[in-house]
Structure formats: structure tokens, C-alpha cells
Amino acid sequence: MQTDLSAALDIGGTKIAGALVDAHGRLLVRANRPTPAGGDGATVMRAVAEVVRELAAAPDWARVAAVGIGSAGPVDAHAGTVSPVNIPGWRGFPLVAGVRALVGERPVVLVGDGVAMTAAEHWLGAARGHANALCMVVSTGVGGGLVLNGRLHPGPTGNAGHIGHISVDLDGDPCPCGARGCVERIASGPHIARRALADGWRPGPDGDTSAAAVAASARAGDRIAVRSFERAARALAAGIAATATLVEIDIAVIGGGVAGAGDVLFAPLRSALRDYATLSFVQGLTVVPAQMGTDAGLVGAAAAAAQQSRLDAFVPTP
């Protein structure tokens, strides 16, 4: 019997999504449940189990060779545990063991959600063809992952490339992670909006105070909104340049809700990058929008499982 599919799970604070994914990255079967984020660990795991059982009821389940999980973090791939900030009931929760009990002898691979997005963008998206890349999700938080020497590099715990918690302002605001001046503390959607409001920006008649509303004001020429995005862009540029200097990436791919601001973000980001990526071996670094959209977590979880389980039919090629 063919074993040419992967089962993928994408676990976040709002939704638990699952899919059966083929060797071309196509999602053949989908299932999802709302995340009971306020529940205890067992309650959240029951929602995961419902998604897995729905996938397992599909006729194609017998073709599944491996299971990939992309989860909000922190994750510990070595221990098989997760502690998502936005799911308080899961602290050191044994997610891999829980999923393995549902899927039999199939290998189960866990990575952080930023690493899953990176796997998807490298396989089929904006980083395809690049041997060394940083891919980022800039949304409510800021996460990321790395491709080095043509292969996904999740690191020992599945968190490598978590650029959101690089400090770019040593005297900056305290971050919930315990450090100060982290990229996430400056460039995430809520903090872009927070800074704009603190500097005097006022929302429109609908009262929308999201980063998307700030972006709309910036496009309309509101200087306070523009400055808030410029500040976020500089924080991102500093983090990207530091990463490029350390491991010699040649492309940075940015997705997530904040990336939807388009040139309001990317124009000042590319300008600021010239100020930070100054050494000769990083001056050619490019920054581009992500291409994989909302399915990136599922496609990437499948790709990560394939790479680590050495399934030739699934190994993403540049």
C-alpha cells in the first residue's frame, strides 16, 4: 500500500487545524476545531484528538506515513512537550505522546509554528530555491525559522530561528519572555498599535485600534501611523541583519497579519536594512513577502515531518 501522505496539525490559540497533505503540498482532507484555550490540558487535548480522529476517518488515512505538528510555542521537540503562551492549560504538556497514542506506529514530529511556516515557504513559497533563509511570522507575536544549507534547521528543541526574542533595544520595554527590547515587543501588531496610540494616533469612527487600522492611516498619510510602522521596521531590520551576519542567510521572508500592510512595512524595512546589513557578505540580503498564506502551518508541518522521517517522496526540494 502506498504511504505517500502526511498528516499535519497546526495548533494555535484560536484554532486547531489538521489536514492530509500529499507530496505536492496539496491539502486533500481538512479538519478543524476551535481551540478551547481557557480549558485545562485535557480539554485542549480532546479538541486535538477530535481533529485527528476526523482525519483518520478519511479513506486516505491508510496512506499516511508520518505526522507533523506545528504548534505555538515554546515547544520542546526533544521532550515532545509544548507550553504555548496563549494556551495556559498546556505547560510542559506531552503533546507528542498524546498524538502518538492516536496514530499508531507512525512517526510524530513536533516543531514550533514559525519553523513550520519556514518549511512551507522553503518547499513551495517565497524561499524556494534559496539554500539559506530566514522566514518570519509577524502578527500578534513574532516568530520565525531557519533554512541552512538547503535544509530546515529546527534546532534541538524545534525553536531555532525564533527571531521575535532577539533584543534590539538594550534599554527597551520589558518583554514577557524576561528580556528587554525584543523584536516582538516593538514590531508585533499589538505593539505597533500601542505605540501609535501612545504617540497620539486616533482611530477612525469605527474605533478600530488594530495594526491594520494603523496601516490604513499610514497609507492615508498619517505621520504618527507612519512613524509607528517605521519603528517596527527598524526593529525587524536589526533582527534580520543580526541573523544574516551570524548564519549568512540571503533572503528573509515575512508573513503574518502585519506583513499585510504591504509597502507601509516593507519600504521602511528595506531602507532600514541598508543601515544594519552593512558587511559585504550580507549586503545582498533581500526581504520579500511570504506566499503560502493561512495554509503555511499545515503544509510546513507536513514538510518538517517528511524531512525528519527521511521519506523520499516527501522531502521538500528547493
Side-chain angles (χ1 to χ4, degrees), residues 9-17 32 34-38 44 70-75 82-91 111-118 120-121 134-145 159 161-168 172-198 201 203 207-218 225 228-229 231-233 235-236 239-240 252-262 264-266 269 289-290 292-298 300-301:
L9 296 172
D10 181 13
I11 300 175
T14 303
K15 182 177 70 174
I16 297 167
N32 65 78
T35 303
V44 182
S71 175
V75 306
V82 297
S83 304
V85 173
N86 50 4
I87 305 178
W90 276 2
R91 289 294 175 267
V111 294
D113 53 3
V115 174
M117 175 265 194
T118 299
E121 291 292 337
L134 168 70
C135 299
M136 302 173 61
V137 179
V138 185
S139 186
T140 305
V142 177
N159 294 286
H162 198 350
I163 189 173
H165 293 287
I166 289 178
S167 178
V168 292
D173 293 340
C175 179
C177 77
R180 282 185 173 273
C182 291
V183 171
E184 181 173 297
R185 183 71 182 173
I186 300 169
S188 67
H191 288 295
I192 289 172
R194 177 183 64 86
R195 180 64 176 228
L197 286 165
W201 173 75
D208 185 356
T209 58
S210 67
V214 178
S217 292
S228 188
F229 266 90
R231 183 171 181 267
L236 290 170
I240 291 168
V253 176
I254 302 181
V258 172
V264 168
L265 175 69
F266 282 94
L269 171 53
M292 293 299 295
T294 57
D295 287 335
L298 290 168

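Side chains are part of it too, since the values below use all heavy atoms of this structure and drop only hydrogens, waters and symmetry mates.
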Please report the closest heavy-atom contact between G255 and A290, naming both atoms and the distance. CA-CB, 3.6 Å
Nearest heavy atoms of C182 and C177, plus distance in Å: SG-SG, 3.7 Å
Below 4.5 Å, heavy atoms only, C-beta onward: do P74 and V85 meet side chain to side chain? yes
Taking C-beta and beyond as the side chain, do I186 and V168 meet within less than 4.5 Å on heavy atoms? yes
Please tell me if the side chains of T209 and L197 come closer than 4.5 Å, counting only heavy atoms from C-beta onward. yes
Just jot down the side chain to side chain contact (heavy atoms under 4.5 Å, CB included) partners of A37, sequence neighbours excluded, or say none. T35
Which residues satisfy the side chain to side chain contact (heavy atoms under 4.5 Å, CB included) test with S188, sequence neighbours excluded? V142, E184, P190, H191
Output yes when a side-chain donor or acceptor of S83 lies under 3.5 Å from a complementary backbone atom of R91, and no otherwise. no
Ignoring hydrogens, what is the shortest heavy-atom contact between A301 and G70? Give both atom names and the distance. CB-N, 3.8 Å
Donor-acceptor pair, distance only, cut-off 3.5 Å: does the side chain of S167 make one with the backbone of R180? yes
Hey, mind stepping through W90 and I11 against side chain to side chain contact (heavy atoms under 4.5 Å, CB included) and telling me if it holds? CA-CA 12 Å; W90 276 2; I11 300 175; 3.9 Å; yes
pair S217-W201: side-chain heavy atoms closer than 4.5 Å: yes
From CA spacing to verdict: side chain to side chain contact (heavy atoms under 4.5 Å, CB included), R194, D173: CA-CA 12 Å; R194 177 183 64 86; D173 293 340; 3.4 Å; yes
Reported CZ-to-CZ distance for the pair R195 and R185, which is rounded to 0.5 angstrom: 11.0 Å
Could you go step by step and tell me if H165 and C175 meet the side chain to side chain contact (heavy atoms under 4.5 Å, CB included) rule? CA-CA 9 Å; H165 293 287; C175 179; 3.4 Å; yes
Side chains of L236 and V183: does their closest heavy-atom pair fall under 4.5 Å? yes
Is any side-chain heavy atom of I240 closer than 4.5 Å to one of L134? yes
Evaluate side chain to side chain contact (heavy atoms under 4.5 Å, CB included) for F229 paired with L269, printing each intermediate quantity in order. CA-CA 9 Å; F229 266 90; L269 171 53; over 6 Å; no
List the atom of A218, the atom of A225, and the distance in Å for their closest heavy-atom pair. N-CB, 3.5 Å
Gap between atom CG of N86 and atom OG1 of T140 - 0.5 Å precision: 8.5 Å
Looking at side-chain heavy atoms only, is the closest gap between P203 and V214 below 4.5 Å? no
Rounded distance (nearest 0.5 Å) linking atom SG of C135 with atom CD1 of I254: 10.0 Å
To the nearest 0.5 Å, tell me how far D295 CG sits from M117 CE. 13.0 Å
Residue pair I16 / N32, side-chain heavy-atom distance below 4.5 Å: no
Exercise: identify the closest heavy-atom pair between V75 and S71: CG1-O, 3.7 Å
Give, for atom OG of S210 and atom CD1 of I192, the distance between the pair rounded to the nearest 0.5 Å. 10.5 Å
